[in-house]
Amino acid sequence: MKQDLTDAELDELDSLLQATPEPYVPLDVLMLDGYLVGVLVQPRVIGADEWLPAVFDLEGRPLAADVDGAWMARCRTLIERRMQALNAAISEDGWFDPLIVDSDRVPPVSEYEPVQSPVSRALLPWAAGFHWALERLPELGHLEEAAISSALARIYRHLPAETDEDRQVVAVLDREYPLATLDAGIEDLVLAAVDLWDLTNRER
């Protein structure tokens, strides 16, 4: 098993990401975790030079050439260690522990946002990071395979539904595969990601 980040190192990484210079808008550590898994389950091996820049800006802009080299080196070291640990956990154990919102700090429902279950609100940052990976690296989403579409739907159910079709998919999942507790939601999310890794492993 690759050495994963300690809690202190995860806090350090989150602070480093928040220190990304303006005007760039970086991922936070929860979104980063989903993003890294979204990269790992792609049907080809993605080099860091391709996936790393999108960590630091949600508009996909490359960082300026004069950014602090020591800051970038430390960010990259911690990010790549987390990615290696995730890859080892998925490939060797068929399981990983996702970084999610503390269950005692799940954000309340906003009157300006679609109503979601407490489970989905806790898993939303991770799912949003995963979705960001597929926006930047769309190959997986273009694979027309029912098992892949099903696994993706199980992750995307935690994002706010934007279309009637999205709402119908979520309604079917909620009816046929209800997630009554956060633990059940975490298990389903992890197994969906592991299913995707298995489904694309041969191509990688």
Side-chain angles (χ1 to χ4, degrees), residues 1-20 24-42 46 48 51-58 71-72 74-109 113 116-137 140 151-160 179 181-198:
M1 177 68 71
K2 299 291 184 181
Q3 184 181 8
D4 204 348
L5 301 185
T6 64
D7 288 344
E9 287 171 326
L10 288 169
D11 289 341
E12 178 189 0
L13 177 55
D14 201 33
S15 296
L16 288 167
L17 290 171
Q18 292 175 25
T20 300
Y24 306 105
V25 183
L27 306 181
D28 62 25
V29 75
L30 303 182
M31 289 184 67
L32 172 67
D33 212 53
Y35 177 80
L36 295 178
V37 174
V39 173
L40 287 171
V41 300
Q42 291 293 322
I46 313 293
W51 60 258
L52 187 61
V55 169
F56 299 102
D57 189 47
L58 284 169
W71 167 80
M72 172 56 80
R74 184 57 175 164
C75 284
R76 182 161 183 162
T77 294
L78 294 175
I79 291 169
E80 290 186 339
R81 267 186 50 206
R82 176 59 178 169
M83 189 175 203
Q84 291 164 4
L86 285 166
N87 189 53
I90 294 170
S91 61
E92 297 170 13
D93 303 329
W95 181 266
F96 63 94
D97 293 319
L99 302 181
I100 64 166
V101 176
D102 188 311
S103 59
D104 294 329
R105 298 169 58 193
V106 174
V109 175
E113 297 174 354
Q116 288 181 292
S117 71
V119 172
S120 288
R121 293 203 304 279
L123 300 180
L124 187 152
W126 195 100
F130 182 93
H131 185 254
W132 176 232
L134 268 68
E135 286 193 345
R136 302 297 300 174
L137 305 163
L140 178 62
L152 288 175
R154 288 160 59 197
I155 294 174
Y156 289 166
R157 72 189 295 183
H158 303 297
L159 301 174
L179 302 174
T181 66
L182 181 55
D183 284 344
I186 292 171
E187 180 178 13
D188 188 66
L189 181 86
V190 169
L191 293 181
V194 171
D195 284 349
L196 288 168
W197 193 93
D198 290 339

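What you see is a predicted model; the values in this text were computed from it and never measured.
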So OG of Ser120 and CG of Leu189: to nearest 0.5 Å the spacing works out to 10.0 Å
Do Asp14 side-chain atoms and Val29 backbone N/O form a donor-acceptor pair below 3.5 Å? yes
Show, in sequence, the C-alpha distance, side-chain angles and deciding distance for Val119 and Thr181, and conclude whether the side-chain contact (heavy atoms from CB on, under 4.5 Å) test is met. CA-CA 7 Å; Val119 172; Thr181 66; 5.8 Å; no
Note: Cys75 and Leu13 closest approach over all heavy atoms is O-CD1, 4.2 Å
Taking all atoms of both residues into account, what is the closest heavy-atom pair of Asp28 and Met31, and its distance? OD1-N, 2.8 Å
State which residues pass salt bridge (Lys or Arg N to Asp or Glu O under 4.0 Å) with Arg76; sequence neighbours excluded, sorted by chain then number. Asp49, Glu80
Ion pair Asp4/Arg82, N-O distance below 4.0 Å: yes
Who passes ring pair (Phe, Tyr, Trp, His ring centres under 6.0 Å) against Trp71, sequence neighbours left out? Phe56
Please identify each residue that fulfils side-chain hydrogen bond (donor to acceptor under 3.5 Å, both in side chains) with Thr6, with sequence neighbours left out. Glu9
With heavy-atom distances below 4.5 Å as the criterion, would you say the side chains of Leu30 and Ile100 are in contact? no
Sequence neighbours excluded, every pair satisfying side chain to side chain donor-acceptor pair (under 3.5 Å) that has a member inside residues 183-196: Arg154-Asp188, Arg154-Asp195
Non-hydrogen side-chain atoms of Leu124 and Pro160 separated by less than 4.5 Å: yes
Contacts of type side-chain hydrogen bond (donor to acceptor under 3.5 Å, both in side chains), residue Asp57, not counting sequence neighbours: Arg61
Which donor-acceptor pairs under 3.5 Å do the side chains of residues 126-137 make with protein atoms, sequence neighbours left out?
unit_1	atom_1	unit_2	atom_2	d
Trp126	NE1	Asp33	OD2	3.3
Trp132	NE1	Ala54	O	3.0

Give a yes or no on whether the backbone of Trp95 and the side-chain of Asp93 come within a donor-acceptor separation of less than 3.5 Å. no
Pairwise side-chain contact, Val190 with Pro98, heavy-atom cut-off 4.5 Å (strictly under): yes
